[in-house]
Amino acid sequence: MDVTTPATAPWLIVGLGNPGPEYAINRHNIGFMVADLLAERIGGRFKRAGKAQAQVVEGRTGPVGPAGRRVVLVKPMSYMNLSGGPVNALRDFYKVPTAQIVAVHDELDIDYGTLRLKLGGGDNGHNGLKSMTKAMGPDYHRVRCGIGRPPGRMQVADFVLKDFSSAERKELDWFVDRAADAVECLVTEGLERAQGSYNS
């Protein structure tokens, strides 16, 4: 009998965002942007994941050959506040331990362009994290991509659903690239090494 263990199970890399072109370059969609870049790096294309309301790409990251780590890149297609359902279904399908799940998401309480990696914790009002935690508990990794706080009296919901500003877009490719590097480091070298290299 083939038994999946943490050593043989893939890592589930979840880019959080909202589906549809109108959301594509919203601040809330940086998780999708990172997932798209990671898919490009492993030479894969997102496709519908069976009955799960998500798109996935399967492949390997890290060293070429069997030393590379199996990954399943995920973009939930359920809208942000319902992300937990599709992720939980894929966790069960691929038999992934919760500690081998990584959520890549926007973070209001960190300055734009700054990354922080951690395992577990609260959702800080983030609807995608709230949904994931409700579905499977809080003990998954997070790659938190800082977007800063809204200016003036702008509401948080309005801020996260606006496109990155023209000034922010000048740094966006670099930021997404660095976040993708951080995800790869986390999967291949562990949280402590990734935090030492990418937390700022």
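Because the structure is a prediction, the values reported are computed rather than measured.
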Just to verify, what does His105 make a ring-ring contact (aromatic ring centres under 6.0 Å, His included) with, not counting sequence neighbours?
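Partners of His105 under the ring-ring contact (aromatic ring centres under 6.0 Å, His included) test: His126.
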To the closest 0.5 Å, what do you measure between [atom1] ([X]) and [atom2] ([Y])?
X: His28; Y: Tyr79; atom1: NE2; atom2: OH; value: 12.5 Å
X: Leu73; Y: Arg45; atom1: CG; atom2: CZ; value: 15.0 Å
X: Asn88; Y: Ser83; atom1: CG; atom2: OG; value: 12.0 Å
X: Ser197; Y: Leu186; atom1: OG; atom2: CG; value: 11.0 Å
X: Asp106; Y: Cys145; atom1: CG; atom2: SG; value: 8.0 Å

Between [X] and [Y], is any pair of side-chain heavy atoms under 4.5 Å apart?
X: Ile25; Y: Met33; value: yes
X: Arg116; Y: Tyr198; value: no
X: Ile147; Y: Leu108; value: yes
X: Phe175; Y: Leu115; value: yes
X: Pro76; Y: Val14; value: yes
X: Arg60; Y: Ile42; value: no

Taking only residues two or more places apart in sequence, or in another chain, which ones meet [X] in a salt bridge (Lys or Arg N to Asp or Glu O under 4.0 Å)?
X: Arg169; value: none
X: Asp36; value: Lys75
X: Glu168; value: Arg27
X: Asp109; value: Arg149

Using side chain to side chain donor-acceptor pair (under 3.5 Å) as the criterion, list what pairs up with [X], not counting sequence neighbours.
X: Arg48; answer: none
X: Asn127; answer: none
X: Thr114; answer: none

Salt-bridge present (Arg178, Asp173; N to O < 4.0 Å)
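Asp173 and Arg178: not salt-bridged.
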Between the side chains of Arg69 and Glu184, is the shortest nitrogen-to-carboxylate-oxygen separation below 4.0 Å, so that they form an ion pair?
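The answer is no: the pair does not qualify as a salt bridge.
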At their closest point, which heavy atom of [X] faces which heavy atom of [Y], and how far apart are they?
X: Pro97; Y: Ala9; answer: CD-CB, 3.9 Å
X: Ala89; Y: Ala52; answer: CB-CB, 4.5 Å
X: Val34; Y: Ala179; answer: CG2-CB, 3.7 Å
X: Arg91; Y: Thr98; answer: NH1-OG1, 3.0 Å
X: Ala103; Y: Leu16; answer: CB-CD1, 4.4 Å

Please test Leu117 against Leu191 for side chain to side chain contact (heavy atoms under 4.5 Å, CB included), starting from the C-alpha separation and ending with a verdict.
CA-CA 7 Å; Leu117 287 78; Leu191 178 61; 4.0 Å; yes
Taking everything shown except Phe93 itself, do over 12 heavy atoms lie less than 6.0 Å from its CZ?
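Open.
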Under 4.5 Å between side-chain heavy atoms, hopping through other hydrophobics if needed: is there a path connecting Leu82 to Met136?
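No: no chain of side-chain contacts under 4.5 Å links Leu82 to Met136.
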Would you check, one step at a time, whether the test side chain to side chain contact (heavy atoms under 4.5 Å, CB included) holds for Ile101 with Val96?
CA-CA 7 Å; Ile101 296 173; Val96 177; 3.9 Å; yes
Donor-acceptor check, side chain of Gln100 to backbone of Leu12, threshold 3.5 angstrom: yes or no?
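Looks like no, no N/O pair under 3.5 Å.
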What pairs of residues pass the salt bridge (charged side-chain N to carboxylate O under 4.0 Å, His left out) test when at least one of them lies in residues 120-147, not counting sequence neighbours?
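Applying salt bridge (charged side-chain N to carboxylate O under 4.0 Å, His left out) to every pair that reaches into residues 120-147, excluding sequence neighbours, yields Glu107-Arg144.
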Residue pairs fulfilling salt bridge (charged side-chain N to carboxylate O under 4.0 Å, His left out) with at least one residue in residues 190-200, sequence neighbours excluded:
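Of all non-adjacent pairs touching residues 190-200, those that pass salt bridge (charged side-chain N to carboxylate O under 4.0 Å, His left out) are Glu189-Arg193.
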Evaluation steps, side chain to side chain contact (heavy atoms under 4.5 Å, CB included), between Val72 and Val57
CA-CA 6 Å; Val72 179; Val57 175; over 6 Å; no
Checking side-chain polar atoms at under 3.5 Å, does Glu171 have a donor or acceptor matched by the opposite partner on Tyr112?
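Their side chains do not contain a donor-acceptor pair, so the 3.5 Å distance test is not met.
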N/O donor-acceptor pairs under 3.5 Å from side chains in residues 154-164, not counting sequence neighbours:
residue, atom, partner, partner atom, Å
Asp163, OD1, Asn26, ND2, 2.9

Verify side chain to side chain contact (heavy atoms under 4.5 Å, CB included) between Trp11 and Val102, making sure each step is shown before the conclusion.
CA-CA 8 Å; Trp11 281 72; Val102 183; 3.7 Å; yes
Report the residue from Val143, Val71, Leu37 that forms a side-chain contact (heavy atoms from CB on, under 4.5 Å) with Val183.
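Passing option: Val143.
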Taking transitive links into account, so neighbours of neighbours count too, which hydrophobic residues share a cluster with Phe32 at under 4.5 Å side-chain distance?
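When side chains under 4.5 Å apart are linked, the cluster holding Phe32 also contains Met77.
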